[in-house]
Amino acid sequence: MTQEANEGPVVMVTGGSSGLGKVIARTFLDAGFRVVIVGRNQERLDAAKREWGKLEQVKTAVADVSTHAGAANAVAVTNEHFGRLDALVNCVGSSDRGLVENLTHQRLDELIQQNVHTALLCSVAALPLLEVSSGAIVNIGSLAGKVGARYLGGYCVAKHALSGLTQQMRLELKPRGVHVALVSPGPIRRDDAGSRYTAQVDETLPADAAKPGGGTSVKGIAPEKVAAAVLDAVRRRRPDVVMPGYLRLLIAIGHLSPRIGDWLLRKLTSSKERKP
Ligand SMILES: NC(=O)c1ccc[n+]([C@@H]2O[C@H](COP(=O)([O-])OP(=O)(O)OC[C@H]3O[C@@H](n4cnc5c(N)ncnc54)[C@H](OP(=O)(O)O)[C@@H]3O)[C@@H](O)[C@H]2O)c1
């Protein structure tokens, strides 16, 4: 190992082989962090690592972090390679489409496992290392964790649970020197953004529910911008970031006046009502 590869803070990014997690990992790498990316597929992890070139500063951990053993293994791999952990980014998560009346408890369990268990299990496993470094945890939420938009199946429930978990963790872990942040982006730009959920949009939903955010008029955000906000949340110990920032006003209005909040949400989300 070179001396350079032995220095610098360490971040573990779950879901770091694809999508937003991959961009976050790259952003931390460029900022001087040594990086561990976690996913369930070794080839995808290796492909990401090869793309970045800095082979000594990037390690991979194959683990299903929705299980206790997987989360513990990912943290153990990080410790074996680098002997420390300064930041944990819990990015594993997945969205959904559908009406609440068609949401099964099995599907809701899956979404909670993907979006909540993963963050909880990794955070608990990483806590001893993060206490030593007075480090930070960033959970990747969503606007769907701040408001309950239509047609998003069980995603709003799962991301709201993650929002609550994050605030509780922040309050409980502050005295132990560990910062916990939530970054809640709106739709993120990606090549397959318009087609990812087509299969889940049936005749019960308007066609534009397949679009990012379930058909919201909020413009897609560059993943690099979200990744920069995650890095900033670690460095400046920001507690709660909403992207785009102006939507914090909508969220606040919804708390002060739920009637106006609902009206604004209808305006900003899917333009069509479900078919009768
Ligand atoms: N995309 C958006 O517009 C958007 C908007 C707001 C918030 N978000 C949030 O941003 C995060 C990333 O979303 P994305 O769409 O960029 O994700 P994505 O492209 O679907 O990537 C998911 C990543 O997580 C890994 N993964 C999935 N389940 C895992 C598990 N159980 N254990 C370990 N790794 C696992 C995947 O790799 P393997 O499959 O190989 O394991 C992959 O690297 C999510 O939390 C999402 O809710 C996304």
Side-chain angles (χ1 to χ4, degrees), residues 12-27 35-49 51 60-75 77-78 88-97 109-122 125 138-147 149 152-163 165-166 182-197 210-216 218-227 229-230 241-244 247:
M12 179 175 121
V13 183
T14 72
S17 61
S18 155
L20 177 62
K22 188 173 164 191
V23 179
I24 291 171
R26 176 64 202 247
T27 299
V35 176
V36 177
I37 49 174
V38 186
R40 293 164 300 182
N41 182 300
Q42 184 71 65
E43 279 167 26
R44 290 173 82 184
L45 290 164
D46 288 343
K49 185 176 157 156
E51 221 178 275
T60 63
V62 183
D64 177 353
V65 295
S66 67
T67 69
H68 190 276
N73 181 44
V75 172
V77 168
T78 302
L88 165 67
V89 181
N90 288 310
C91 193
V92 169
S94 52
S95 189
D96 196 26
R97 292 295 184 274
D109 284 350
E110 272 172 25
L111 288 159
I112 289 182
Q113 197 172 46
Q114 277 280 306
N115 291 283
V116 185
H117 291 192
T118 52
L120 174 64
L121 293 171
C122 286
V138 182
N139 291 334
I140 304 300
S142 163
L143 289 180
K146 295 286 187 182
V147 295
L152 294 181
Y155 190 54
C156 295
V157 183
K159 286 296 194 195
H160 270 74
L162 182 67
S163 300
L165 172 73
T166 307
L182 181 69
V183 173
S184 303
I188 298 167
R189 268 185 239 149
R190 51 188 286 154
D191 293 342
D192 62 352
S195 58
R196 289 182 98 189
Y197 300 102
K211 292 183 188 161
T216 176
V218 173
K219 241 176 97 189
I221 311 164
E224 292 76 13
K225 210 169 165 187
V226 180
V230 173
V241 180
V242 170
M243 302 182 79
L247 285 176

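Counting starts at 1 for both ligands and their atoms, following the listed order. Heavy-atom basis, side chains included; hydrogens, waters and symmetry copies ignored.
The shortest heavy-atom distance from Thr14 to ligand 1 is not under 4.0 Å. Residue contacts with ligand 1 leave out Arg189, since none of its heavy atoms falls under 4.0 Å from the ligand. In this structure, Pro212 has no heavy atom closer than 4.0 Å to ligand 1. Residue Pro185 places a heavy atom under 4.0 Å from ligand 1. Ligand 1 does not have Pro223 within reach: every non-hydrogen atom of the residue lies 4.0 Å or more from it. Residue contact check for ligand 1: Lys22 places no non-hydrogen atom closer than 4.0 Å to it. In this structure, Gly186 is part of the shell of residues with a heavy atom less than 4.0 angstrom from ligand 1. Within the structure, ligand 1 lacks Gln113 among the residues with a heavy atom less than 4.0 angstrom away.
An N or O contact shorter than 3.5 Å is missing between Gly21 and ligand 1 by distance. At under 3.5 Å, not a single nitrogen or oxygen of Thr118, backbone or side chain, sits near a nitrogen or oxygen of ligand 1. The shortest N or O to N or O distance between Ser95 and ligand 1 is not under 3.5 Å.
Using a 4.0 Å threshold on non-hydrogen atoms, atom 35 (C) of ligand 1 counts as touching the protein.
Side-chain atoms of Asp109 and Gln113 form no donor-acceptor pair, as typed in the model, at a separation below 3.5 Å.
In this comparison of Leu143, Ile188, Ile140, the heavy atom closest to atom 10 (O) of ligand 1 sits on Ile140.
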